[in-house]
Participant: 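Right, I'll just put the structure down here and ask away after.
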Amino acid sequence: MSRTQEKTSAAPVKDFDIELQLLIDAIYLKYHYDFRGYAGASLKRRLTTAMSRFGCHTLSQLQDKVLHDPKTFPALMDFLTVQVSEMFRDPAYFRSLREKVVPLLRTYPSLKIWVAGCSTGEEVYSLAILLREEGLLERTLIYATDINVHALQKAEAGVYELDRIAGFTDNHRMSGAPASLSDYYTAAYGRAVFDKTLKKHIVFSDHSLATDSVFAEVHLVSCRNVLIYFDRELQDRALGLFHEALCRKGFLGIGTKESLRFSAQADAFDELVQHGRIFQKRDG
Amino acid sequence: MVRLPGTSPVSSAASAIDAIVIGTSAGGVEALSVLLPALPATLRAAVFIVMHLPRERPSLLAEIFRAKCACPVSEAQDKEPVLPGSVYFAPPDYHLLIDKGPHLALSTDELVNYSRPAIDVLFESAADIYRERLLGIILTGANQDGAAGLKAVHRLGGTALVQRPDSAQASLMPQSAIAQCPTAHVLSLEQMADLLRTLEDGNALDLSHATN
Ligand SMILES: C[S@@+](CC[C@H](N)C(=O)[O-])C[C@H]1O[C@@H](n2cnc3c(N)ncnc32)[C@H](O)[C@@H]1O
């Protein structure tokens, strides 16, 4: 890690900033992925790692590859986006959903839910399992969206390494689950394959919070650990989409360390669960 | 210290500081208990701290130090604007970075040096923003995180301080930092505390009396 860092910083960092902007513009013009509104510091760090991984000494060299070698951009997506996820990550969040949101969701005859930035699917399956446990999955459709196509494919497969299951099982239990996680997967060849009947209620699709618009009206948006990668302007755009997509008094769940406090959209939502990071669309 | 030709010894030894970054792991609570209470209430610099912690539990650091400090102390929140004279702790399981604004940024990127938060991540991003107006401090710890970060602080013109390894509860972290950043000033905790006390009313940092 430190070695890659050194390589960039040997060049004056100002050049790095110029090249960063040029690279991001090149990606936008050629591939229509818009990283212009991403939080700078962590993006720089990941691109520095990518440079050394692709054998480049400068971002300009990387830009050359991105434009002229068709294999580079798809591989670079795994550096531009962060694919870290867990099932029932932050069990307190899922417990709050169970206790505070589910009773209200029950009052609707049919439900639509949007998991924005679903990565490799862990959060989506967690929600589907929770809804099945609460008897709501049969009337629910979950839209699971992300910009990383590779991650979406994994999400759709719903297969996870068995060595991750112990952690998932602990989280699931701490989320207030009535049963064991093992009811929802079968183990084979070192992998856990999640119940196909969960998938019947999930639609996976490629959608960008930076460039796309609202596609459905939903009762709950769960967008966790995605907004931290956006700058304030892009965060406001995403929150605007959620606001538009949510039905009257719809719910919004965000990551444990994310907040609406520093956003222009802060007044559009009321905090439903303190510290639980669950909000409700404000009336009017 | 390296002196630029044509500058007087006094001005080259005194630097205006906008931010202080501190990294530590094993023994960190005790070391911070010496340093943080020394921060004057009229401090102008913002202070960012990464202390390695268990990743799965909430941290009590902000509560512990709030009571001991003249400055406001809190756990960093994503996109929070940086306030002068405030102390921010990285939350467990998130990297803390400084972004343009300046404001605080959190990330769940991969572990760095087996750690999240990682000291290198904080120091390198802060160095990029604050340049020569940054003071980087490496304290006691039992791994090598922070060494590359301190080097980046120095390379971009900031000031580097390291706790004397023989006075540290765990010496590997300060030793590694000195190995990668040999120009760092090596001080005891008490000397560092004295230095921090002089930062009152936005005073510049004057290292002319600090011994190496
Ligand atoms: C750290 S993961 C979060 C995964 C999951 N929500 C969780 O909390 O465990 C962040 C995800 O956001 C996705 N992402 C980044 N930019 C996006 C955008 N503009 N629109 C939609 N998703 C995006 C990334 O591809 C990645 O899968």
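Naming: A, B, ... by sequence-line order, numbering from 1 per chain.
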Participant: Kindly determine whether B:Leu104 and A:Phe262 satisfy side-chain contact (heavy atoms from CB on, under 4.5 Å), including the steps that lead there.
Facilitator: CA-CA 11 Å; B:Leu104 306 175; A:Phe262 310 108; over 6 Å; no
Participant: Does atom CD of B:Glu63 have more than 12 heavy-atom neighbours, drawn from other residues, nucleotides or ligands, at distances under 6.0 Å?
Facilitator: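 Yes, enclosed.
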Participant: With a 4.5 angstrom heavy-atom cut-off, which part of B:Lys100 approaches chain A: side chain, backbone, both or neither?
Facilitator: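 Neither part.
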Participant: At a heavy-atom separation under 4.5 Å, does A:Gln83 approach chain B through its side chain, its backbone, both, or neither?
Facilitator: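 No part of it gets close to chain B.
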Participant: What part of B:Leu106 gets closer than 4.5 Å to chain A, counting heavy atoms only: side chain, backbone, both or neither?
Facilitator: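 For B:Leu106, heavy atoms of backbone and side chain both lie under 4.5 Å from chain A.
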Participant: Please say whether more than 12 non-hydrogen atoms of neighbouring residues, nucleotides or ligands are located less than 6.0 Å from OH in A:Tyr28.
Facilitator: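 For A:Tyr28, atom OH is not crowded (no more than 12 foreign heavy atoms under 6.0 Å).
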Participant: Checking heavy atoms, do the side chain of A:Ser259, its backbone, both or neither come under 4.5 Å from chain B?
Facilitator: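 Answer is side chain: those atoms of A:Ser259 sit under 4.5 Å from chain B.
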Participant: Under 3.5 Å, is there a donor on one side chain and an acceptor on the other for A:Tyr229 and B:Thr108?
Facilitator: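 There is such a pair (donor and acceptor under 3.5 Å, judged by atom type) between the side chains of A:Tyr229 and B:Thr108.
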Participant: Can you pull out the residues in residues 20-32 of chain B with any heavy atom less than 4.5 Å from chain A?
Facilitator: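 Listed by number, there are no contacting residues, so the answer is none.
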Participant: Could you state the interatomic distance from OH (B:Tyr94) to CD1 (A:Ile228), rounded to the nearest 0.5 Å?
Facilitator: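 Rounded to the nearest 0.5 Å, the OH-CD1 separation comes out at 6.0 Å.
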Participant: What part of B:Ser125 gets within 4.5 angstrom of chain A, counting heavy atoms only: side chain, backbone, both, or neither?
Facilitator: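 Just its side chain gets close to chain A.
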Participant: Which value, rounded to the nearest 0.5 Å, describes the distance between A:Leu227 atom CG and B:Lys79 atom NZ?
Facilitator: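 If I round to the nearest 0.5 Å, the distance is 7.5 Å.
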Participant: Considering non-hydrogen atoms only, spot the tightest contact between B:Ile98 and A:Ala41 and give its length.
Facilitator: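 Looking at all heavy atoms of both residues, the shortest contact is O-CB, 3.6 Å.
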Participant: For B:His103, is it the side chain, the backbone, both or neither that has a heavy atom under 4.5 Å from a heavy atom of chain A?
Facilitator: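 Interface part for B:His103: side chain.
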Participant: What residue in B:Val121, B:Asp93, B:Ile129 has the most heavy-atom pairs under 4.5 Å with chain A?
Facilitator: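 Heavy-atom pairs under 4.5 Å are most numerous for B:Val121.
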Participant: Take atom NE2 in A:His243; do more than 12 heavy atoms of anything else shown fall under 6.0 Å from it?
Facilitator: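 Correct, the count exceeds 12.
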Participant: Of all heavy-atom pairs between B:Arg116 and A:Val84, which one has the smallest distance, and what is that distance?
Facilitator: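 Answer, listing the atom of B:Arg116 first, then A:Val84: NH1-CG1, 4.4 Å.
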Participant: So which of A:Lys14, A:Lys44, A:Arg45 actually passes salt bridge (charged side-chain N to carboxylate O under 4.0 Å, His left out) with B:Asp128?
Facilitator: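 With B:Asp128 as partner, A:Lys14, A:Lys44, A:Arg45 yield a single salt bridge (charged side-chain N to carboxylate O under 4.0 Å, His left out), made by A:Lys44.
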Participant: Is B:Glu80 in contact with chain A via its backbone, its side chain, both, or neither, using a 4.5 Å heavy-atom distance?
Facilitator: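 Contact with chain A involves both backbone and side-chain atoms of B:Glu80.
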Participant: Nearest heavy-atom pair of B:Asp78 and A:Lys257: which atoms, and what distance?
Facilitator: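 Minimum heavy-atom separation between B:Asp78 and A:Lys257: CB-O, 3.6 Å.
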